[in-house]
K.L.:
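Let me begin by handing over the structure; questions about it come next.
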2 protein chains.
Amino acid sequence: MTDDCVVYVIDDDSSVRAALEDLLASVGIRVLAFDTTTAFLTHGMEDVPGCLVLDVRMPGQSGIDFHRSMAGLGINLPVIFITGHGDIPMGVDAIKHGAIEFLTKPFNDQTLLDAIQNGISMDQERRRTKAEGLALHTLWSSLSAGEQDVARLVVRGLLNKQIAAELNVSEITVKIRRAQVMRKMDAQTLPDLVRLTEKLALSS
Amino acid sequence: MTDDCVVYVIDDDSSVRAALEDLLASVGIRVLAFDTTTAFLTHGMEDVPGCLVLDVRMPGQSGIDFHRSMAGLGINLPVIFITGHGDIPMGVDAIKHGAIEFLTKPFNDQTLLDAIQNGISMDQERRRTKAEGLALHTLWSSLSAGEQDVARLVVRGLLNKQIAAELNVSEITVKIRRAQVMRKMDAQTLPDLVRLTEKLALSS
DNA sequence: ATCAAAAATATACGAAAGTATAATTGCCGT
DNA sequence: ACGGCAATTATACTTTCGTATATTTTTGAT
């Protein structure tokens with residue numbers, strides 16, 4: 001489950017960081033702790049599944065503000081907020097913006113561990129989905145411009161003859177390109193190709 | 001936007017109900033207010049877009065408990081919680097379970113109105129999606145058992161010959177059934193049929 | 001049991017798809 | 001200008017698909 005993964009902790013309170021490091025070490029999960037969001041960004045992220053335990057209130061950038069900026073920074077880690085001084089709207093908004101948990105200190109250790117396990121699972125799943133989308137996009141990119149043209153019209157259901165007219169090429173050229181599309185996209189049948197392009201459109 | 005829709009209010013405090021009725025009447029939205037969840041269930045729901053403003057703490061069944069039971073009752077209304085005595089975990093859990101807002105009294109009128117408009121829009125969208133899925137399911141149901149068999153294998157990419165062998169019928173029968181499938185499903189091309197069955201699988 | 005409707009099958013034909021071989025065109029670098 | 005090299009096109013053939021017509025089988029109702 002937690003083969004190789006990291007939990008990032010950002011909290012200005014060193015005693016909290018130490019406590020979390022101990023807690024997660026006790027269950028064999030690697031921890032990288034920082035006292036500011038800047039320190040976290042400077043260190044960078046490892047390319048392994050993980051999640052982020054984030055303090056709400058900190059000197060410098062708050063955890064709330066950092067959370068809002070994460071998408072723009074290309075950081076998609078699941079976020080678990082911890083706080084000693086939160087209020088209801090803050091917690092509600094955090095969850096509405098995608099945080100997976102919002103815990104108030106003092107919190108139950110097991111509750112946090114459960115949230116972390118959940119976050120790591122979500123990140124693993126996100127990475128799987130992302131990898132599939134990337135692989136699919138790579139296949140598509142291996143098609144020449146003309147082959148992509150043909151592929152688009154094929155999955156629209158046009159006949160080879162119609163595609164040829166649309167693209168101002170001969171029907172035999174369409175057949176050649178079409179065969180190349182099927183080979184390069186590793187599609188055994190036309191329905192396969194349709195499904196591949198549907199996934200491609202969704203993950204665009 | 002709010003052509004014909006209803007906001008259901010469940011709150012044991014008659015002054016709150018009156019205030020909400022006034023507020024929503026001022027913007028021309030119809031209100032149905034109840035003092036208990038039982039009263040709401042007894043009255044039943046209208047078949048128009050709407051959302052539910054739900055008090056957290058009430059005599060009898062609490063709003064929180066009712067929210068958890070809604071899916072089992074087949075009620076998919078967007079829920080907006082209002083409360084005077086909530087805490088952070090309660091608000092966080094409510095949102096995690098799908099509530100679209102969790103407001104603490106006293107709340108800003110406009111905040112509630114925005115949430116309600118958002119809830120109504122979501123319900124409209126849900127109804128659109130549901131109607132599409134239902135229409136698609138109706139088309140599929142219009143296929144005979146044999147036609148459904150053929151359709152399933154067609155979208156898997158099997159040849160008519162292979163389908164015939166699989167179903168122990170003649171190839172000509174497959175052709176007839178296949179033509180019926182295309183006609184009944186209103187699919188002009190094979191890619192169309194593939195996409196229809198994909199949607200069907202997702203909304204099953 | 002019998003009749004009528006529906007489903008399945010047989011036969012036949014034209015259009016489309018897939019593939020192979022060969023010829024042609026267009027483009028790029030030397 | 002020239003020689004490759006990839007893309008396009010032409011030709012030919014086989015398989016598959018779609019459809020129409022006619023026949024047989026099955027099903028269901030009275």
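Here is the naming used below: chain letters follow the sequence lines, and residue numbers restart at 1 for every chain.
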K.L.:
Is any side-chain N of the basic residue among A/Asp47 and A/Arg127 closer than 4.0 Å to the acidic one's carboxylate O?
P.N.:
yes
K.L.:
With respect to the phosphate group of D/dC17, does any side-chain polar atom (N or O) of B/Asn160 fall under 4.0 Å of OP1 or OP2?
P.N.:
yes
K.L.:
Does any donor atom in the side chain of A/Arg183 or A/Gln180 lie under 3.5 Å from an acceptor atom in the other side chain?
P.N.:
yes
K.L.:
Got a salt bridge between B/Asp123 and B/Arg126, using NZ or NE/NH1/NH2 to carboxylate O under 4.0 Å?
P.N.:
yes
K.L.:
Could you check whether B/Glu198 pairs with B/Arg195 (Lys NZ or Arg NE/NH1/NH2 to Asp/Glu carboxylate O, under 4.0 Å)?
P.N.:
no
K.L.:
According to a strict under-4.0 Å criterion, is B/Lys161 in side-chain N/O contact with OP1 or OP2 of D/dT16?
P.N.:
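Yes, B/Lys161 has a side-chain N/O under 4.0 Å of OP1/OP2 on D/dT16.
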K.L.:
Are the side chain of B/Gln61 and the backbone of B/Thr38 linked by a donor-acceptor contact shorter than 3.5 Å?
P.N.:
no
K.L.:
5' to 3' on DNA chain C, which nucleotides open and close the contacts with chain A (atom under 4.0 Å from a heavy atom)?
P.N.:
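Nucleotide range with atoms under 4.0 Å of chain A: C/dA16 to C/dA20.
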K.L.:
Regarding B/Lys199 and B/Glu132, does a basic nitrogen lie under 4.0 Å from an acidic carboxylate oxygen?
P.N.:
no
K.L.:
Any luck finding a side-chain donor-acceptor pair between A/Thr111 and A/Asp114 under 3.5 Å?
P.N.:
no
K.L.:
Between A/Gln180 and B/Leu190, name the one whose nearest nucleotide on DNA chain D is closer to the 5' end.
P.N.:
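First, find each residue's nearest nucleotide; the 5'-ward one identifies A/Gln180.
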K.L.:
Between the main-chain N or O of B/Asp11 and the side-chain N or O of B/Arg17, is there a donor-acceptor pair closer than 3.5 Å?
P.N.:
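Judged by distance alone, yes, a pair lies under 3.5 Å.
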K.L.:
Determine, using ring centers only, whether B/His43 and B/Tyr8 are less than 6.0 Å apart.
P.N.:
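No: the rings miss the under 6.0 Å criterion.
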K.L.:
Figure out the CD/P separation between A/Glu171 and D/dT9, and round it to whole Å.
P.N.:
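It works out to 12 Å between those atoms.
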K.L.:
Give each protein N/O atom lying under 3.5 Å from an N/O atom of nucleotides 19-24 of chain D, with the pair distance.
P.N.:
none

K.L.:
Rounded to whole Å, how long is the line connecting atom CZ of B/Arg177 with atom P of D/dG18?
P.N.:
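Rounding to the nearest Å, CZ of B/Arg177 and P of D/dG18 are 16 Å apart.
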K.L.:
Just the rounded figure in Å: distance from C1' of D/dA7 to CG of A/Asn168.
P.N.:
16 Å
K.L.:
Starting at CD1 of B/Ile163 and ending at C1' of D/dT15, how long is that distance when rounded to a whole Å?
P.N.:
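Taking atom C1' of D/dT15 as the reference, CD1 of B/Ile163 is at 15 Å.
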K.L.:
Touch check for B/Thr173, heavy atoms < 4.0 angstrom, all strands: base, sugar-phosphate only, or nothing?
P.N.:
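Base contact.
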